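What follows is a set of notes on a single structure, which appears directly below.
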Amino acid sequence: MPELPEVETVARELRVLILGKTIQDIEAVWYKSFDNQSSIPISGQVIKKVGRKGKYLSLQLTRSALVIHLRMTGQLLYSTHFDYDNTHIRAKIRFNDTTELLFKDTRKFGRIYHVNDAGDILYKIGMDAIDPTLDVDLFKSLVKKSSVNIKSFLLAQNKIAGVGNIYADESLHRAGIHPASLSNKIPDVKLRNLHTHLLDILHTAIENMGSTISDYRDSYGNVGNNQRFFRVYQRTGEACLNCSMPISKVRIAGRGTHFCVKCQKVYN
DNA sequence: CTAATCACCTGAAGGC
DNA sequence: TGCCTTCAGGTGATTA
C-alpha cells in the first residue's frame with residue numbers, strides 16, 4: 001500500500017494528533033508486528049517528533065524511538081473511544097489520556113520497531129525522493145551510475161527512498177520512458193523530465209491525501225483522493241490519455257508494470 | 001553486482 | 001456454493 005505520499009499524509013496528521021502525548025504502553029496483539037530492539041522502557045516517554053524517511057515513519061520519544069513501516073496493508077488509526085472494530089488490529093499504542101494509536105494490518109507485513117535510535121533502522125535507506133537537496137544533477141548522477149532497468153532503480157529504496165509501484169509507473173509514463181529502459185542509457189533530457197515529473201506526481205499526491213487502491217486509510221480512517229488521477233496504474237487495456245493506445249501491463253522487477261507502448265520509448 | 005524466486009500473510013476476484 | 005489460481009501500494013533472504 002503506502003508509498004511516500006501516503007506515509008507523508010499520515011506523518012502530517014500524527015503531528016497534529018499525537019505530538020506531545022505520553023505513552024502508557026504498547027500492546028503487541030500479533031507478536032511479530034511489534035519488534036522491540038531496545039531495553040529502554042517505553043512507558044512514560046513523550047512523543048517529541050514525528051518524522052518520515054522514504055516509506056518509514058519515525059516517532060522520536062524522550063529517550064528512544066519508534067520506527068514504523070506500513071508495508072502493504074498497514075494503517076495507523078487514531079482512536080478516542082473503545083468501541084472500535086478490533087478486526088486486524090495488530091498492535092496498540094496507548095496514551096495516558098486514554099486515547100490510542102491502533103496499528104491495523106490485514107496481511108501482517110508491517111512492523112513497529114522500538115530502537116534506541118531511529119538511525120538503527122534508517123541507515124540503509126537512500127535519500128528521500130522529495131528531499132530538496134536531491135536536485136536534478138544529483139538525481140541524474142544516481143541514475144546514470146546504475147545499470148539496472150529504470151523501474152527497478154525507482155523501486156530500490158537504498159538509492160532513492162519512497163517511490164513504490166504506483167508512482168514509479170506514473171512518473172515513467174509522464175516522462176515518456178519505457179520501464180524496461182536501462183538507467184545508464186537514458187538521455188539527460190529524459191532524466192531531467194523524469195525528475196520533474198516524479199516530484200510533481202509525489203507532491204500532487206500529497207495534496208490529494210495519497211492514493212487508495214483498497215486498504216490505505218489515513219489516521220482518521222479516510223481514503224485518499226489521488227487514485228482518481230492515475231494515467232497508467234491499473235488502467236490496463238484502457239486508452240492512454242495522451243495517444244489513445246491501450247495501456248499495456250507486463251512484469252518487470254517482479255511487479256505488475258503499466259505503460260503505453262507508443263508514448264514510452266525504450267532506451268537500451 | 002544483478003536477476004529471479006520464494007517467503008512472509010490475508011482476502012478479493014475470476015474461472016470452472 | 002465451493003474449489004483453485006492469481007493477484008495485491010513491500011521488502012528481505014536465498015539461489016543462480
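Computed from a prediction, not measured in an experiment: that's the story for all the values here. Because only heavy atoms are used, hydrogens play no part in the values below, and waters and symmetry mates are left out as well, while side chains stay in.
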Would you say a side-chain N or O of [X] is under 4.0 Å from OP1 or OP2 of [N]?
X	N	answer
A:His69	C:dT11	yes
A:Lys249	C:dA8	yes
A:Lys55	C:dG10	yes
A:Arg255	C:dC7	no
A:Arg71	C:dG9	no
A:Gln157	C:dT11	yes
A:His88	B:dG11	yes
A:Lys32	B:dC9	yes
A:Lys124	C:dT11	no
A:Lys108	B:dC8	no

Taking atom [atom1] in both [N] and [M], what distance in whole Å separates the two?
N	M	atom1	result
C:dC7	B:dC6	P	13 Å
C:dA13	B:dC9	P	15 Å
C:dG10	B:dC1	C1'	22 Å

Point to revise | Within 6.0 angstrom of A:Arg192 CZ, more than 12 heavy atoms from elsewhere | key: no

| request: Would you kindly confirm whether A:Ile93 and A:Leu17 end up in one hydrophobic cluster when ILVMFWY residues are joined by side chain heavy atoms under 4.5 Å apart? | output: yes

Pairing partner of C:dG9, by Watson-Crick or G-U wobble and under 3.5 Å for both distances, is none

In Watson-Crick or G-U wobble terms, with both distances under 3.5 Å, the base opposite C:dC4 is B:dG14

Classify [X] by what it touches in the nucleic acid, base, sugar-phosphate, or nothing, heavy-atom distance under 4.0 Å.
X	result
A:Ser147	sugar-phosphate
A:Arg251	sugar-phosphate
A:Tyr233	sugar-phosphate
A:Tyr56	sugar-phosphate

**Asked** If we only count heavy atoms from C-beta on, is the A:Tyr216 to A:Thr9 side-chain gap below 4.5 Å?
**Response** yes

Let me know the distance between [atom1] of [X] and [atom2] of [N], rounded to the nearest Å.
X	N	atom1	atom2	result
A:Asn149	B:dC1	CG	P	17 Å
A:Met72	B:dG11	CE	P	15 Å
A:Asn158	C:dT11	CG	P	11 Å
A:Asp105	B:dC9	CG	P	11 Å
A:Arg228	C:dG9	CZ	P	21 Å
A:Lys145	B:dT2	NZ	C1'	17 Å
A:Gln75	C:dG10	CD	C1'	16 Å
A:Leu182	B:dT2	CG	P	12 Å

Original post:
Can A:Asn165 and A:Lys151 be counted as having a side-chain donor-acceptor contact under 3.5 angstrom?
Top reply: yes

Inset, instruction - Verify whether one side chain among A:Asp25 and A:Ser43 offers a donor that lies under 3.5 Å from an acceptor in the other. - result: no

Out of [options], which nucleotide sits closest to the side chain of [X]?
X	options	result
A:Phe109	C:dG9, B:dT10, B:dC8	B:dC8
A:Val148	B:dA3, C:dG10, B:dT10	B:dA3
A:Ile166	B:dT10, B:dC8, C:dG9	C:dG9

>> Please check: side-chain N/O of A:Glu6 versus main-chain N/O of A:Ser211, any donor-acceptor pairing under 3.5 Å?
In response: yes

With syn defined as a glycosidic angle within 90 degrees of 0 and anti as anything else, the base of C:dG10 is anti

With A:Leu66 as partner, the option from A:Leu101, A:Ile112, A:Asn36, A:Leu57 fulfilling side chain to side chain contact (heavy atoms under 4.5 Å, CB included) is A:Ile112

Residue pair A:Arg107/A:Leu155 against DNA chain C: nearer the 5' end by closest nucleotide is A:Arg107

| said: With hydrogens left out and only the distance checked, is there a donor-acceptor pair under 3.5 Å joining A:Ser214's side chain and the base of C:dG9? | reply: yes

